[in-house]
Visitor: 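Take this structure, written in C-alpha cells, and hold onto it; I'll ask about it next.
Naming convention: chains lettered A, B, ... in sequence-line order (proteins, then strands); numbering from 1 in each chain.
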Amino acid sequence: MTKFEEKVYNVISLIPKGKVATYSDVAKAIGHPQAARAVGNALHKNPFAPVVPCHRVVNSNGYLAKNFGAGGIKEQQLRLQAEGVIFYNESKVSLTKYQYHFPKESI
DNA sequence: ACAATGACCCAGT
DNA sequence: AACTGGGCCATTG
C-alpha cells in the first residue's frame, strides 16, 4: 500500500452518497492535478472493494469505466442508482447534477 | 534502472 | 459526434 493510494482511497471515501466525482477531481484533491491516470490505476487494484465507494468515481464524460472490476460496470450502475443517481444512458450520469467538488484540500 | 501498462484527460481533425 | 495522438503519473515485470 503506497502513500499515493492511501490518499486516493481516503478522498474517495469522502464522496457523499448520491454524488459522483471524476478521476481528475480526485487527482486534484490529493494534490496531483495531472495524476488522473494513476488514480484509475489505484482503483483498479481496489484493495478495499466494499469499503471504498469506488462506484462513485466516473471519467470526465460522466461515463463509467469500461473495465470496472468487482462485478463490472453493471454492478457500479446498480449501486449508484440505489443511491438516487439517475442515468442518462446505460452508463452515463449527469455530471452537472451529481458531480461532487472536493473541499479545498481533502488530503 | 529501464520499459511497458492502464478504471484517464485534453486538444486537434 | 467520433477518432487520433500526445501527455501525465504511479505501479509492475
Visitor: For A:I73 and A:A65, work out which heavy atoms get closest and say how close.
Guide: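 Answer, listing the atom of A:I73 first, then A:A65: CG2-O, 2.5 Å.
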Visitor: Membership question, hydrophobic clusters at under 4.5 Å side-chain separation (ILVMFWY): are A:V20 and A:L64 in the same one?
Guide: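 Same cluster.
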Visitor: Tell me the interatomic distance from A:I30, atom CD1, to B:dC8, atom P, rounded to whole angstroms.
Guide: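 In whole Å, B:dC8 P lies 15 Å from A:I30 CD1.
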Visitor: Once ring pair (Phe, Tyr, Trp, His ring centres under 6.0 Å) is applied, what residue pairs with a partner in residues 65-100 of chain A remain, sequence neighbours excluded?
Guide: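 Only A:Y100-A:F102 qualify under ring pair (Phe, Tyr, Trp, His ring centres under 6.0 Å).
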Visitor: Can you pull the ring pair (Phe, Tyr, Trp, His ring centres under 6.0 Å) pairs that have at least one residue in residues 19-41 of chain A, sequence neighbours excluded?
Guide: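 Residue pairs with at least one partner in residues 19-41 of chain A: A:F4-A:H32.
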Visitor: Indicate whether the side chain of A:T96 and that of A:S94 have a donor and an acceptor atom separated by less than 3.5 Å.
Guide: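 There is such a pair (donor and acceptor under 3.5 Å, judged by atom type) between the side chains of A:T96 and A:S94.
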Visitor: Any link between A:V93 and A:L78 through a network of hydrophobic side chains (Ile, Leu, Val, Met, Phe, Trp, Tyr) touching at under 4.5 Å?
Guide: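 No, no single cluster joins them.
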Visitor: Pick one: which of A:Q81, A:E75, A:K74 meets side chain to side chain contact (heavy atoms under 4.5 Å, CB included) with A:Q77?
Guide: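 Looking at A:Q81, A:E75, A:K74, the match for A:Q77 under the side chain to side chain contact (heavy atoms under 4.5 Å, CB included) is A:Q81.
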Visitor: For A:F68, which contact category applies under a 4.0 Å heavy-atom criterion: base, sugar-phosphate, or nothing?
Guide: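 If one applies the 4.0 Å heavy-atom cut-off, A:F68 turns out to touch a base.
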Visitor: How long is the line joining CD1 of A:I15 and P of B:dA7, in whole Å?
Guide: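 Taking atom P of B:dA7 as the reference, CD1 of A:I15 is at 19 Å.
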Visitor: Quick one, which residues of residues 38-45 of chain A touch DNA chain C with a heavy atom under 4.0 Å?
Guide: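 DNA chain C contact set from residues 38-45 of chain A: A:A38, A:N41, A:K45.
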Visitor: To the nearest Å, give me how far apart OH (A:Y63) and P (B:dC8) are.
Guide: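 From A:Y63 OH to B:dC8 P: 14 Å.
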Visitor: Would you check if the side chain of A:N61 reaches a backbone N or O of A:Y63 as a donor-acceptor pair within less than 3.5 Å?
Guide: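 No, the answer is negative, given that no donor and acceptor are paired below the 3.5 Å cut-off.
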Visitor: Please list, chain by chain and in numerical order, all residues satisfying salt bridge (charged side-chain N to carboxylate O under 4.0 Å, His left out) with A:E83, sequence neighbours excluded.
Guide: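 A:E83 satisfies salt bridge (charged side-chain N to carboxylate O under 4.0 Å, His left out) with A:R56 only.
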Visitor: Is A:Q99 close to A:K19 at the side-chain level, that is, under 4.5 Å between some pair of heavy atoms?
Guide: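 No, every pair of side-chain atoms sits at 4.5 Å or beyond.
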Visitor: Is there any protein nitrogen or oxygen under 3.5 Å from a nitrogen or oxygen in nucleotides 9-13 of chain B, and what are the pairs?
Guide:
unit_1, atom_1, unit_2, atom_2, d
B:dC9, OP1, A:S60, N, 3.2
B:dC9, OP2, A:S60, N, 3.2

Visitor: When you list every nucleotide of DNA chain C with an atom under 4.0 Å from a heavy atom of chain A, which one comes first 5' to 3', and which comes last?
Guide: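 Here the contact window of chain A covers C:dG7 to C:dT12.
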